[in-house]
Peer 1: 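I'd like to ask you about the structure that follows.
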Amino acid sequence: MTISVDHLTKRFGGFTALDDISLTIPDGKLTALLGPSGSGKTTLLRCIAGLERANGGTITIDGVVSEAASPAERGVGFVFQHYALFRHMTVAENIAFGLEVRPKESRPSKEAISAKVCKLLELVQLDWASGRLPHQLSGGQRQRIALARALAVEPKYLLLDEPFGALDAQVRKELRRWLRRLHDEVHITTILVTHDQEEALEVADQVVVFNGGKVEQVGTPEDVYHAPATPFVHQFLGTVNVLSREGVHTYVRPHDVSLSHTADDDHPLVATIVAINAAGPVVRVDLRYADTSLEAVIPHAERARLELVAGGTVHIGFSRSAKFDPTPDYAI
Amino acid sequence: MHFRSHSVLPGFGPTLGITVLYLSLIVLIPLGALVLKTSELTWTVFWSTVTDPRVLASYRLSFGAAAIAALINAVFGVIVAWVLVRYRFPGKALIDALVDLPFALPTAVAGIALTALYAPNGWLGQLLTPLGIKVAYDWKGVVVALTFIGLPFVVRTVQPILEELGKDVEEAAVSLGANRWQTITRVILPELWPAILTGFALAFARAVGEYGSVVFISGNLPMKTEITPLLIITKLEQYEYAQATAIAVVMLVVSFILLLLINLLQHWISRRRA
Amino acid sequence: MNSPVADKPHLTEPAWVRRILIGIVLGFLGLFLFLPLTVVFVEAFRAGLGVWWAAVSDPVAWHAIRLSVTVTILCVVLNGLFGLCAAWAITRFRFVGKGFLISLIDLPFAVSPVISGLIFVLLFGAQGVMGDWLSDRDIQIIFALPGILLATLFVTFPFVARELIPLMEAQGTEEEEAARVLGASGWTIFRRITLPAIRWGLLYGCILCSARALGEFGAVSVVSGHIRGQTNTLPLHIEILYNEYQFAASFACASLLSLLALLTLVAKRFVEWRMNQHQSHLKTTP
């Protein structure tokens with residue numbers, strides 16, 4: 001019972017949005033499709049939902065090749081970035097919509113529908129809002145209603161297209177934690193599209209990193225963060241220092257730069273301290289080594305021990321780094 | 001509370017002064033003359049004038065034909081707007097531009113053109129006469145003329161709403177299992193209702209007062225095909241100023257109520273869109 | 001964007017439904033717009049180009065054309081200037097009663113053309129409020145050019161203001177305030193900042209105003225007195241010819257106005273296109 005994508009290609013005019021993508025979505029897990037805008041992640045989600053038709057390749061849902069299936073026949077629920085709630089319907093009517101448009105034979109009774117709506121409103125913690133119109137609710141509340149509406153038809157898969165993209169930073173954070181808890185409760189296979197790496201790393205069981213219509217890496221959040229497979233993943237997930245030496249690019253995360261008073265095997269290089277910023281949970285040290293600017297992040301205690309001052313020099317080394325051949329063009 | 005709040009831009013006094021002066025000279029004082037003339041009438045004269053059978057018959061025709069014409073325009077206007085926004089076909093840009101013709105074509109020209117078409121020996125009249133259908137010189141002719149002049153209103157109020165309507169709402173309906181018919185009737189049409197109503201009211205208001213396009217095709221028979229604006233002119237030509245004024249006041253009150261209704265509708269639309 | 005019809009079958013109707021709907025639209029507009037327009041030109045030229053030319057170049061017709069054009073130009077100028085003043089006062093300042101003022105400007109749209117003429121007869125006519133005062137001084141307003149002008153001004157009163165107010169409201173006052181801070185005078189601000197930004201909207205309002213002024217029938221019919229060669233505008237001239245069964249001549253003059261109406265539609269489309277371009281240009285250069 002999975003979704004598998006096989007050699008999928010989608011073009012819009014001259015623009016290739018998906019370039020021969022192959023991917024399997026694990027059952028019961030929350031998968032994040034992560035990438036910059038235009039990288040193809042939303043297009044893939046819309047192809048899976050049947051809202052977009054691919055130019056080549058197949059999507060298999062539960063063992064059935066779903067090329068001709070209509071969106072409704074695929075058993076997927078879709079949540080849109082801008083909620084797409086029906087403005088003239090109350091919250092309850094919105095949630096009931098998917099059940100009420102069913103043909104008479106398979107339509108639940110009125111009582112069953114309203115019971116279901118009540119249950120879903122409780123699930124998204126908005127039972128007080130049932131009679132309200134969407135415009136009377138906040139953005140975060142609207143998105144929870146949109147989620148309840150998608151869940152009402154009991155989809156086997158839940159597809160979320162940048163669901164928190166239109167919300168304030170604070171609400172975003174709360175909602176993504178709430179989504180994670182919800183997923184732990186209902187265990188529905190979920191695909192979340194996002195351009196926010198923090199969101200993907202925090203919520204997902206599996207992260208798929210997209211770039212230029214191709215998949216760069218598939219892995220757990222820890223994998224993609226600590227062992228990026230490509231320079232792009234390295235740069236897209238968090239800050240990274242890039243040192244270019246003898247035709248090889250070395251990628252180092254700021255917290256993997258270690259500082260020392262003395263030169264030793266672990267600290268072979270000498271750098272100048274350009275600036276120190278101690279306002280925050282950690283201390284950021286801007287360094288200059290040869291012609292390259294570097295950023296190091298150290299604990300406050302470490303800074304006190306080393307007695308760092310701007311303008312001085314320090315020995316540096318990398319506790320973890322990755323080396324890649326220079327690839328001239330990737331977008332970031 | 002101050003009359004106006006501070007601004008660094010100059011010219012408030014002169015521009016507002018000119019605006020109010022010009023508005024008074026061209027609009028308010030002349031309309032005031034109507035009120036003044038009405039106040040010279042006694043209530044019994046006023047009442048017997050506006051409830052005269054001939055006047056009542058003209059109201060029936062003017063309001064009835066305007067309502068039918070606005071209804072025709074509401075139905076076809078939605079279809080025209082839908083086709084212009086959603087479909088592609090050759091000649092679409094031309095048709096889109098042609099929809100405004102009734103705004104641009106002088107009403108007298110429309111009047112003689114429609115009469116030439118629907119007169120018993122006209123292009124359409126000679127097809128309809130053998131079937132026993134009389135359009136020109138009949139109330140149906142009034143409906144035809146009023147449909148013509150009200151045609152752009154519904155199209156032009158519905159079109160922008162339809163263009164703005166997000167595709168995602170339709171996609172949401174589809175992904176929840178709605179078929180095309182359910183999507184249109186339950187999701188799209190409810191979004192269009194305020195615009196359709198506004199367009200209907202605008203077309204109706206315009207049609208009620210219309211004169212030029214109707215007088216040629218209607219035949220102007222008292223009690224049968226005489227519209228209210230024509231009756232006002234007839235009274236004027238017979239120097240029955242008081243009666244003309246009384247009838248005009250009734251029409252004006254109805255028009256202002258319509259205007260108020262339209263403003264409320266538009267206010268409602270802009271609130272829903274926000 | 002890609003075509004919405006081809007690869008998103010769930011967002012459109014089946015092909016046969018689309019064809020039927022397009023057919024209905026073509027039929028409806030053909031019947032109500034295309035056919036009346038065609039019949040004007042066919043009837044106008046039915047008797048030949050000579051008859052057409054004779055009708056159009058007839059001295060009485062020629063006088064009616066001149067009168068119509070004069071009234072139209074005066075209307076566009078006066079209502080245009082008024083529109084600019086009203087839009088400036090309403091959109092650049094906040095004051096008590098603004099909403100009410102906007103409603104009053106819209107008022108003439110709600111008034112039947114016949115009543116628009118009637119009110120001037122009641123004011124300036126022989127039995128009118130000012131009738132005795134005017135006849136004592138031998139001033140003729142009704143059944144003369146001033147009456148025709150006033151009635152047309154009333155009917156076309158809101159066109160320019162109505163176009164400019166939302167446009168200038170949307171544009172905001174930031175640029176003008178910046179110019180003011182830099183020391184520009186009021187007139188300079190208007191000429192260098194405001195006018196360039198609203199010129200297409202102004203033109204659009206003027207086009208609508210002139211189309212209505214040129215074709216106005218009901219209001220003018222009440223105040224003109226139908227004096228041939230003196231107070232007959234072109235639409236009134238068409239009516240008289242028609243009622244005298246001079247159909248060819250009547251349609252000849254009508255074809256002239258129809259041609260102008262078509263030109264109006266073209267000009268209107270062009271200005272709409274320019275306004276869209278102007279707007280998208282403003283969006284891309286923040």
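Labels below follow one simple rule: chain letters A, B, ... track the order of the sequence lines, proteins then strands, and each chain is numbered from 1.
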Peer 1: In a table with atom names and distances, give each donor-acceptor pair under 3.5 Å that connects a side chain of residues 97-104 of chain B to protein atoms at least two apart or in another chain.
Peer 2:
unit_1, atom_1, unit_2, atom_2, d
B:Asp100, OD1, B:Arg156, NE, 3.1
B:Asp100, OD2, B:Arg156, NH2, 3.3
B:Asp100, OD2, C:Lys268, NZ, 2.4

Peer 1: At a 4.5 Å cut-off on heavy atoms, which part of A:Val153 comes close to chain B: side chain, backbone, both, or neither?
Peer 2: side chain
Peer 1: Tell me, side chain or backbone of B:Ile188 under 4.5 Å from chain A's heavy atoms, or both, or neither?
Peer 2: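 No part of B:Ile188 comes within 4.5 Å of chain A.
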Peer 1: Taking all non-hydrogen atoms of both residues, which atom of B:Leu176 and which atom of A:Val101 are closest, and how far apart?
Peer 2: O-CG2, 4.0 Å
Peer 1: Residues in side chain to side chain contact (heavy atoms under 4.5 Å, CB included) with A:Asp196, at least two apart?
Peer 2: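 Checked A:Asp196 against side chain to side chain contact (heavy atoms under 4.5 Å, CB included); matches are A:Arg172, A:Arg176, A:Thr194, A:Glu198, A:Glu199.
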Peer 1: To the closest 0.5 Å, what do you measure between CD (B:Glu191) and NE2 (A:His88)?
Peer 2: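 Reported value, rounded in 0.5 Å steps: 6.0 Å.
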Peer 1: Sort by residue number and list every residue of residues 110-118 of chain A having at least one heavy atom under 4.5 Å from chain B.
Peer 2: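 If one takes a 4.5 Å heavy-atom cut-off, no residue of residues 110-118 of chain A lies near chain B.
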Peer 1: What are the two closest heavy atoms between A:Met89 and B:Arg186, and how far apart are they?
Peer 2: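 What the structure gives for the nearest pair is CE-O, 3.5 Å.
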Peer 1: Please state whether the side chain, the backbone, both or neither of A:Arg149 comes within less than 4.5 Å of a heavy atom of chain B.
Peer 2: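 Answer is both: backbone and side chain atoms of A:Arg149 are under 4.5 Å from chain B.
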Peer 1: Which one of A:Phe86, A:Phe78, A:Phe97 has the most heavy-atom pairs closer than 4.5 Å to chain B?
Peer 2: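 Option with the greatest count: A:Phe86.
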Peer 1: Under a 4.5 Å heavy-atom cut-off, does chain B meet the side chain of A:Ala150, its backbone, both or neither?
Peer 2: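 Backbone only.
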Peer 1: Could you tell me which non-hydrogen atom of B:Ser175 sits nearest to which non-hydrogen atom of A:Pro71, and how far apart they are?
Peer 2: CA-CB, 4.2 Å
Peer 1: Heavy-atom distances under 4.5 Å only: say whether A:Gln81 touches chain B with side chain, backbone, both or neither.
Peer 2: neither
Peer 1: Pick whichever of A:Pro103, A:Ala84, A:Pro155, A:Gly98 has the most heavy-atom pairs under 4.5 Å with chain B.
Peer 2: A:Ala84
Peer 1: Report the distance from atom CZ of A:Arg102 to atom CD of B:Gln182, rounding to the nearest 0.5 Å.
Peer 2: 11.5 Å
Peer 1: At what distance, to the nearest 0.5 angstrom, does CG of A:Asp161 lie from CD of B:Glu171?
Peer 2: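 Taking CG in A:Asp161 and CD in B:Glu171, the distance rounds to 9.5 Å.
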Peer 1: Could you list the residues that satisfy side chain to side chain contact (heavy atoms under 4.5 Å, CB included) with A:Ala204, not counting sequence neighbours?
Peer 2: A:Leu30, A:Ala32, A:Val207
